[in-house]
Structure formats: C-alpha cells, structure tokens
Amino acid sequence: MSSVSWFAQALAPWYAANRRSLPWRSTRDPYLIWLSEVILQQTRVDQGLAYYNRFALKYPTVHHLAAATEDEVLKDWQGLGYYSRARNMRATAQRIVSEYRGVFPEDHNGLRHLKGIGPYTAAAIASIAFNEPVAVVDGNVFRVLARCFGIREPIDRPAGKRLVADLASRLLDRKHPGEHNQAVMELGALVCTPKRPQCNACPVRSRCLAYEEGVVEQLPLKVGRTKVRERHFNYLLPHGVSALWLVKRAAGDIWQGLYTPPMVESDVRWGARRMQAALQQELGRSWHLVGSFTEERHVLSHQVIHARFWWVSKARTARLPADWLACGLKDAHRYPVPRLVERVLGEVLNS
DNA sequence: AAAACGTGGTG
DNA sequence: TCACCAAGTTT
C-alpha cells in the first residue's frame, strides 16, 4: 500500500516543474531557513527578498546577528514592518549563542520555545532543515486545503484551524516533509491564489471539491476582522535649524524601539491654536508654535494614523526633555524610523 | 480567545 | 477609495 496521500503524489511533480528558485531554497542551514521564515511572516516574497539578501550577507551566521545592537538590527529591518520580528530574532540569536553554543535545537518542539518562533516557523525549520515530518500551516495551506476539501468551517477560528491542521498532517509526505510543505505553500502562492485562482494550471483540480462545486473564490470562509482605530499624532520639528529631535518609542504601542520626532497625541484633529496651547502646557512658556509643515494619513493593519507635523521654536535657554535626543538632519538616516517618518524627513530635506 | 502588531500590492 | 490579505506570533 502507498503511504503517500494522493494529494502529495499529485503535488510533487507539479512542484518539481514549477518551483521558483529562491536563495533560501538552496541551503539546509537552519539559521538561514529561520531568517527566511521570519522575514516571510505576513510578508510577500517580492517584499522580503531584498531584506533576506541583505541580512544573509551582513549577518551570515547566528553569531553575527547576536553581536549586533538592537538599533542596528532595527535599522536593517526598517520598512519591513512588524518590528517585533527583528527584536525577537536578535534576542533569540543571543540565546542560541549563549545557551546552545550557537547550535539550533534540532526538533520542532525545541524550536517552538524560542521567541518569535511559533507553530508555523518551528514546523518550517524542522521539516526543511532537519527533515522532521511535521506539517506547516500558514495562510496558503488554509486556503488550498479549505478549497480542495470543501471546508466550510471558518478558518480564522479555533475549530477551523484544528480541522485544517489535522488534515495537513494526514496529507504530509513524511519521506519528504520539507519539499512537501513548500510545495503546498507554493501552490497557494502561484496557483490557488486568494483572487482569480489559476484552476486551469492546478495539479489537484480534478479532485478539488470547491472547483467541482464552483465555490473556489468563496473559500476559505472567515468571520471577519476587527475595525481600525483612528489616531491623531502631532509631531514636533525644530524650525529654522538643520536639526531634528528624536524619541525612542516605548513598549506597549506601535513602532516599539523605533525613533520618531517627539509627539503629542490628540483625540481629534488639532488646529494651530489648540496645538500651541498643548505645546506650552507640555513644555512651558519658552516654546512656540511656528506653523504647520505637512499632514499625512498612514494606514496600519489596525489603526489609521492622522499625522500632523508642526514647526516649533524654543527660547535659547529652554532645555530639551531628558528622553529627547538632538541630531543633525543629515544624521537622522542612522536611526530606525517608521515609513511615515522616513517619508516626511525626505520632504524636509527637499524643502 | 480576540486583538494588536506594518507595510505594500491587488482587484 | 476600499476591502482584503501576505511563508504568523504574542499577549
């Protein structure tokens, strides 16, 4: 009897013929697999590829990454989003060096306990680097299996997640777990896409329940997302000098560990009058509002930031708050900043 | 268990 | 413009 599922059998030749050649597919080094998997969390290959290449070059081993400062790693991560990934990677690299002598845990379970490595990433590293027979379950797997097996359970709820995870585990080619896992994900990325799937090119179309029933684009089912919060950030730029103030963002909010100009948050959009009052209340009478520089709308996954940038001046004698750091406008590029700030600083330099 | 965490691409 | 969502993890 064949121990390999029909699904795996149909998938393997398709993958052999259609797999993209990507840098992390030509290594078994668990460190590089790890790096690629973290970069690709909630991130498209197109967006992450350049970051992977830069990181692999600058930090070729876990020791290199462990030796870097957090600011430096965040700077190299700048623009990729979900910055906790970078902070967790560095922390985990340090732990692997100090506690494991630089050697990765070689099984799914050991990997799972490291910061930033959840069920998906642990399974990916274990199957690809160590040939352990564990199935990965990511967004592609949810979509491919929900369609192929006609799963109507919402896949963003525990019951639906369990259903797909069990199914993925039964379908796994246990002789070639790494190849099989990547094949399912590649099918989801290239053929079984969220919109306009290419069913004509699909190796499992003849046994796809969603195709048979004409509901491919209706699956997978999801209950929906939570609504986004609107916030107003008023940023302070020093007027008339080629300098800049920066503050490191604290824990418990967006952009933790990144730098932005000092900022006052308001519940509604503030005009100049209200802003001037807030400025003097926060910092004292020797501070003055000069005017508004620009307004930006920045959309995040759960928030919309209405950012207003103000020119501000202060009396020569007035001190800066302790957590502000002053830097030349041209030195700002050394600090990791959110995209929003990067864009606006670009405008300042050009103005 | 639901919500938070970034950014950019797509239809 | 807007909704969706991409090789998820943490709290």
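Fair warning: this is a prediction, and the values are worked out from it, not measured in the lab. Just so it is clear, the values below take in all heavy atoms, side chains as well, and ignore hydrogens, waters and symmetry mates. Lettering of chains follows the sequences in order, A, B, ..., and the numbering in each one begins at 1.
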Next item on the list: In sequence, state the C-alpha distance, the side-chain angles, and the governing distance for A:Asn234 and A:Trp310, and then conclude on side-chain hydrogen bond (donor to acceptor under 3.5 Å, both in side chains).
Entry: CA-CA 7 Å; A:Asn234 300 280; A:Trp310 301 91; 3.2 Å; yes

Next item on the list: Test A:Gln303 against A:Arg231 for side-chain hydrogen bond (donor to acceptor under 3.5 Å, both in side chains), laying out the working first.
Entry: CA-CA 7 Å; A:Gln303 307 184 27; A:Arg231 304 175 73 180; 2.8 Å; yes

Margin query: Pair A:Glu186, A:Arg25 - check salt bridge (Lys or Arg N to Asp or Glu O under 4.0 Å), show working.
Written below: CA-CA 12 Å; A:Glu186 193 77 334; A:Arg25 285 188 172 155; 3.1 Å; yes

Check: Would A:Arg112 and A:Asn109 count as a side-chain hydrogen bond (donor to acceptor under 3.5 Å, both in side chains) if you check the C-alpha gap in whole Å, the side-chain angles of each, and the deciding distance to 0.1 Å?
Finding: CA-CA 5 Å; A:Arg112 180 66 190 77; A:Asn109 223 345; over 6 Å; no

Next item on the list: Could you give me the CA-CA distance, side-chain angles and deciding distance for A:Arg343 and A:Glu296, then say whether salt bridge (Lys or Arg N to Asp or Glu O under 4.0 Å) is met?
Entry: CA-CA 10 Å; A:Arg343 271 204 311 273; A:Glu296 303 267 333; 3.5 Å; yes

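Residue-level contact check: A:Leu300 touches the bases, meaning some heavy atom is under 4.0 Å from a base atom. If you check every strand for non-hydrogen atoms under 4.0 Å, A:Asp253 touches sugar and phosphate atoms only. Residue contacts shown for A:Trp24 include a base, since a base heavy atom lies under 4.0 Å away. Within 4.0 Å of A:Val299, counting heavy atoms only, lies at least one base atom of the nucleic acid. Contacts of A:Gly79 with the nucleic acid, taken as non-hydrogen atoms under 4.0 Å apart, involve only primed sugar atoms and P, OP1 or OP2. Residue contacts for A:Arg143: at a heavy-atom cut-off of 4.0 Å it reaches the sugar-phosphate backbone alone, with no base atom in range. A:Glu186 comes within 4.0 angstrom of a nucleotide base, judged by non-hydrogen atoms across all strands.
Rounded to whole Å, the distance from CD1 on A:Ile125 to P on C:dG8 is 13 Å. Counting to the nearest Å, the P atom of B:dG6 and the CD atom of A:Gln256 are 8 Å from each other. Protein atom CD1 of A:Ile39 is 15 Å distant from nucleotide atom C1' of C:dA6, rounded to whole Å. Counting to the nearest Å, the P atom of C:dG8 and the CZ atom of A:Arg44 are 11 Å from each other. The separation between A:His298 atom NE2 and B:dG8 atom C1' is 10 Å, rounded to whole Å. Atom NZ of A:Lys195 is separated from atom C1' of C:dC5 by 8 Å (rounded to the nearest Å). The CG-C1' distance, from A:Leu49 to B:dG9, rounds to 16 Å in whole Å. Atom-to-atom, CD of A:Gln78 to P of B:dT7 comes out at 9 Å; the value is rounded to the nearest Å.
Nucleotides C:dC5 and B:dC5 have their C1' atoms positioned 15 Å apart, rounded to a whole Å. Remark: the separation of the P atoms in B:dG11 and C:dA7 is 15 Å, to the nearest Å. Taking atom P on both B:dA3 and C:dC4, the two are 15 Å apart, rounded to the nearest angstrom. The gap from the P atom of B:dG6 to that of C:dT1 amounts to 24 Å, rounded to the nearest Å.
Taking the side chain of A:Thr43 as heavy atoms from C-beta on, and the options B:dG6, B:dA2, C:dC5, the nearest nucleotide is B:dG6. Closest to the A:Arg196 side chain, of the nucleotides B:dG11, C:dA6, B:dG6, is B:dG11. Relative to the side chain of A:Arg157, the nucleotides B:dA2, C:dA7, B:dT7 differ in distance, and B:dA2 lies closest. Across B:dG8, C:dC5, B:dG6, the shortest atom-to-atom separation from the side chain of A:Trp255 is found for B:dG6.
In this model, no donor atom of one side chain and acceptor atom of the other lie less than 3.5 Å apart for A:His306 and A:Glu295.
Considering only side-chain N and O atoms, A:Arg85 lies nowhere under 4.0 angstrom from the phosphate OP1 or OP2 of B:dC5. Note on A:Tyr82: every side-chain N or O is 4.0 Å or more away from OP1 and OP2 of B:dA4. In terms of phosphate contacts, A:Gln303 brings no side-chain nitrogen or oxygen within less than 4.0 Å of OP1 or OP2 of B:dG6. For A:Arg229 and B:dA4, the shortest distance from a side-chain N or O to OP1 or OP2 is not below 4.0 Å.
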Next item on the list: Treat a base pair as Watson-Crick or G-U wobble with both distances under 3.5 Å, then lay out DNA chain C in dot-bracket form, 5' to 3', with | for cross-strand pairs.
Entry: .|||||.||||

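Note that NZ of A:Lys75 and OG1 of A:Thr69 are 12.0 Å apart. Values are rounded to the nearest 0.5 Å.
Side-chain N or O atoms of A:Ser26 include none that pairs as donor or acceptor with a backbone N or O of A:Trp24 at under 3.5 Å. Side-chain N or O atoms of A:Asn181 include one that pairs as donor or acceptor with a backbone N or O of A:Val134 at under 3.5 Å.
Residues A:Trp255 and A:Tyr83 place their aromatic rings such that the two centres sit no closer than 6.0 Å. Note: A:Tyr259 and A:Tyr335 meet the aromatic proximity criterion, with ring centroids under 6.0 Å apart.
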Using atom names, set out every protein N or O paired with an N or O of nucleotides 9-11 of chain C below 3.5 Å, distance rounded to 0.1 Å.
| residue | atom | partner | partner atom | Å |
| --- | --- | --- | --- | --- |
| C:dT9 | OP1 | A:Gly118 | N | 2.7 |
| C:dT9 | OP1 | A:Gly118 | O | 3.3 |
| C:dT9 | OP1 | A:Thr121 | N | 3.0 |
| C:dT9 | OP1 | A:Thr121 | OG1 | 2.8 |
| C:dT9 | OP2 | A:Pro119 | N | 3.4 |
| C:dT9 | OP2 | A:Tyr120 | N | 3.2 |
| C:dT10 | OP1 | A:Gly116 | N | 2.4 |

